[in-house]
Every structure is written in C-alpha cells, then in structure tokens.
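Take a look at the structure below.
These numbers come from the heavy atoms of this one structure, side chains and all, not from hydrogens, waters or symmetry mates. We count residues from 1, following the sequence as given. Whatever order the structure lists them in is the order used to number ligands and atoms, beginning at 1.
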Amino acid sequence: MVGVLALQGDFAEHLTVLRSLKVETKEVRTPEDLASCSHLIIPGGESTVMGKLLTSSGIRDPLIQRANAGDLAIFGTCAGAILLAKEIEGKNAPEGLGLMDITVDRNAYGTQLHSFEAEIAIEGIGSVPVAFIRAPKITRVGNGVDILASYEGMPVLVRQGRCIASTCHPEVRGEAALHRYFLDMQ
Ligand code: GLN
C-alpha cells in the first residue's frame, strides 16, 4: 500500500499520479493508516504546520521508527523534503523528522512570485518537467546521500537509503516517472 500523508498540503495531486500508475493508495491521517503502508509520500505544503500535525496526529514516532528500521520507503516533495532533513536553516524552523543527512534553506528562491517551472535531468530517468513553488534549497549533502538531479548547480533530488527528497514538485504537472522510480526502489 502506498500512503500519502494527508494532514495538509497537496496530497490530492500525489494521489492522482499514483492512481494513474494503478497502485493501491491510502490517505494517511493516523498511525493506523501508516501501519498498512510500505511506502509514504510526504507532500508539499507548509512544513511548519505539517511538522506540528505530525506530532498531534501521533504519526511522528512510528514514522521515524519504521524509517530507521528500513521498513518504510519515504518520498518527500518540497515541504516534505524540508521535513526529511536533519538540519533546517534559519529561525522558525519546523520540527522535522531528521531522516536524511542534508541541510535545507526554506523559501530560498524567494516568495510565491518567484515560483517557476523547469525541466530537470534525473539520473536513470531522463528529463522531467517539474515546478518549484516557494522551494527550499539543499545547501549541504552528507556522505551517504546520492544526488540524482541538480538544477543551476544545486541538488534538487537526493536519495539516502530508502528516502528520497525533491525540492520541486513532480506531481503538479502530472508527471509519473519519479513516482514510478520511488515505487520500484529497493
Ligand atoms: N515554503 C514551504 C515551506 O517552507 C514549502 C513550499 C512547498 O511545499 N511548495 O514549508
């Protein structure tokens, strides 16, 4: 079962992409929902809000435990990528999950007005259209982290074990290649 964290943010777009791949999906709002999932997508949205809801929903602890045990594959997009990071720069940083050895700088491209679309070249996949919406930048990548795609010299898609993080949104343009990669990941 592929879960999409549905506490806040653009989870509906991820569900649409997953349905196009004909996989069984679940909107994850409780620890019980999470328990039935082998994969979890953490969508874009507002990472400070989602960080709080992860705690109040009771999902935070089982999520961290299962990820650390290698029992849950996770794909975080934008706010989801921020939450996966070990280090979040600046004041008012959300309470993250600390599952990937990366540092992120929130809203590093500017405001909503500075959001843009682009094509990124992903190793093993090819060119994929994505959107950067109040996107963060990944400013540090630890030793165990692979960079799968960069944009203007900065990593925008990274993988560590069974976690992947993208600073951009692949789902808003209906692109399924990255979701397929996530589902096929060992
Ligand atoms: N700027 C948002 C944050 O810091 C992320 C934006 C997004 O997910 N598109 O949480």
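Near ligand 1, residues G44, G45, E46, S47, C78, A79, I82, R106, N107, I133, R134, H169 come within 4.0 angstrom through at least one heavy atom.
Remark: E123 CD is loosely packed, at most 12 non-hydrogen atoms of other residues, nucleotides or ligands lying under 6.0 Å away.
Y109 has its ring centre no less than 6.0 Å from the ring centre of Y151. Annotation: H114 is not in aromatic contact with F132 [ring centroid separation under 6.0 Å not met].
Classified by interplanar angle (parallel below 30°, tilted 30° to 60°, perpendicular above 60°), the ring pair F182/H39 is perpendicular.
S115 contributes a side-chain N or O that, together with a main-chain N or O of R134, makes up a donor-acceptor pair within less than 3.5 Å.
Checked options V4, D10, T16; the residue passing with E171 is D10 (criterion: side chain to side chain contact (heavy atoms under 4.5 Å, CB included)).
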